[in-house]
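Both backbone and side-chain heavy atoms feed into the values below; hydrogens, waters and symmetry mates do not.
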Amino acid sequence: MSNSLKNPLLTAVFLVSTFTGYASDMPMPEPVQASMHVKTLVLGSGCFWGAEKRYEAMQGVIDAESGYADGTGFKATYKEITKRSRRFDARNYAEVVKVTYNANILTTETLLKSYFESHDPTQKNRQGNDIGTQYRSTILFSELDQKNVAIKLKATYQALLAKNGYGKIQTNIKPLDKFYSAEEYHQNYLVKNPNGYCPDHSTGVVFTPVERETRSNEGLLTGKHIVVIDSKNHCPYCEKLKKTVLNDYHGDIPVHFRYADELKGLKIKSATWATPTILFIEQGKEIFGQQGFMDRSRFYKALGAFKLGDTEAYSIAFKKGTDRPFCKEYDLFKNTPDGVFIDKLSGAPLFNTKDRFNSGTGWLSFKYPVKGSVTYHEDNSFGMKRTEIRSKSSGIHLGHVFAKEGPKGSDRYCINATVLEFVAAQ
């Protein structure tokens, strides 16, 4: 078989011609292009880091690549496009994402609807606090049908935005000239920088409104609360916060999830365009906030400051202090009914009353912790060799364990009462 017939498509055509009477001098049909449904759009909507990850999460997207396009006159690199002298240069390259997608799964219309909804296209040469021509709203098409869809959706979205008080859409719709891939450290940036946030500059105006339950903030106007500003789109940092920190949080200060447009009635001082943003609120007023992902250690330290304030309990939990023997909390907890002692911040069970005993030392003492609830750490402070005990859930300091100082040669877990709370058995 000739090399030309090693192509499976051409082989099929050869076989068909053989068995259906194709004459050797008849023109061969053009082979079907197996990749006709694979299309490319280059989209600019501000900083490319968050946009890239958002597109990658869409079903039907084959690849999303950060890069530069629609500029001229100099080499397209991050260092060059971010020069102060080019901040308002019309020739500057835009930060863009090249989206390669399967049009049989993800239509151009669906992709572009998501594009318009994910940023504020009425802002010229900026998105939120990012200002400059590199952040302009841009659609660079590869095919005529993409252009037609973009023009149609732009007009439709303009009408929707106008109804909601927004101005003229600034999005440029142009044919793609050349795409320059961004430096490697920009690719999959959110994966390489795990402790950041996703910028959310969307207007909240959508092509097809979805009925959603209106979440009231009335209950947040009294007491202490934690409010997490969530994303309506894919935000890996939001999902990571839930998975690694919040899903196993059982503390008595409730956590509430809200979108940035659901904070009515609350007095918020932090910027609300980044997701996640964690707000610590008391009596409906923000006490302090944290923009971006918080790991477990930072979350519980912030929660400790919020719940405990400048108290002995905070000093013990985070500065490895020690209760005074026979302190007030010890007197409260030494003879409780059956139940469990829990982490004062996370609510995780730590010690069971059935393992409590009176050591006569003035500190709560237990033979064992709840299985898997604590971690062990070498402590050589004050010239002593001891084993420190911390809560596995929150990392707070609990006390020390002393080998064979308990009943019948068991260990004695010497625990500070001020960092515990008690829950009676049901």
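Taking the ring centre of Phe306 as origin, the terminal cationic atom of Lys224 falls inside the region bounded by 6.0 Å and 45° from the ring axis. A cation-pi arrangement is present between Lys240 and Phe293, with the terminal nitrogen or guanidinium carbon under 6.0 Å from the aromatic centre and inside a 45° cone about the axis. Seen from the ring of Tyr259, Arg215 counts as a face-on cation partner, given the 6.0 Å and 45° thresholds.
A salt bridge is absent between Asp343 and Arg390: the closest approach of a Lys/Arg side-chain nitrogen to an acidic carboxylate oxygen does not fall below 4.0 angstrom. Residues Lys83 and Glu80 are paired through a salt bridge, judged by an N-O separation under 4.0 Å between the basic side chain and the carboxylate. Glu109 and Lys113 are joined by a salt bridge, as a carboxylate oxygen and a charged side-chain nitrogen come within less than 4.0 angstrom of each other. For the pair Lys178 and Asp70, the salt-bridge criterion is not met [side-chain N within less than 4.0 Å of a carboxylate O]. Using a cut-off of 4.0 Å between Lys/Arg side-chain N and Asp/Glu carboxylate O, Lys307 and Asp252 are scored as salt-bridged.
When only modelled atom types and interatomic distance are considered, Thr133 and Arg91 share no side-chain donor-acceptor pair under 3.5 Å.
Aromatic ring pairs are classed by plane angle as parallel below 30°, tilted from 30° to 60° and perpendicular above 60°; the pair His186 and Trp49 is parallel. Taking the six-membered ring where tryptophan is involved, the planes of His256 and His225 are tilted, since the angle between them lies from 30° to 60°. Using cut-offs of 30° and 60° for the angle between ring planes, the His397 and His400 rings count as perpendicular. Note on ring orientation: taking the six-membered ring where Trp is involved, the planes of Trp273 and Tyr197 are perpendicular (angle over 60°, cut-offs 30° and 60°). Classified by interplanar angle (parallel below 30°, tilted 30° to 60°, perpendicular above 60°), the ring pair Tyr78/Tyr185 is perpendicular. Between Tyr68 and Phe48, the ring planes lie tilted relative to each other; the angle falls in the 30° to 60° range.
In this structure a side-chain-to-backbone donor-acceptor pair under 3.5 Å is missing from Asn125 to Gly132. The backbone N or O of Ser66 lies less than 3.5 Å from a partner atom in the side chain of Gln187, making a donor-acceptor pair. The backbone N or O of Pro369 lies less than 3.5 Å from no partner atom in the side chain of Ser373, so there is not a single donor-acceptor pair. In this structure, Glu378 contributes its side chain and Thr387 its backbone to no donor-acceptor pair below 3.5 Å. Side-chain atoms of Asn217 come within 3.5 Å of backbone atoms of Lys264 as a donor-acceptor pair (strictly under, hydrogens ignored). Between the side chain of Tyr93 and the backbone N or O of Phe74, at least one donor-acceptor pair lies under 3.5 Å.
Two residues are said to be in side-chain contact when any heavy atoms from C-beta on lie closer than 4.5 Å; Arg54 and Val97 fail this criterion.
Taking a 6.0 Å sphere around CG of Asp310, one finds it holds 12 or fewer heavy atoms contributed by other residues, nucleotides or ligands. By the 6.0 Å contact criterion, NZ on Lys232 is enclosed, its count of non-hydrogen atoms from other residues, nucleotides or ligands being greater than 12. Atom NZ of Lys320 has 12 or fewer heavy atoms from other residues, nucleotides or ligands within 6.0 Å.
In this structure, the ring of Phe333 has its center less than 6.0 angstrom from the ring center of Phe341.
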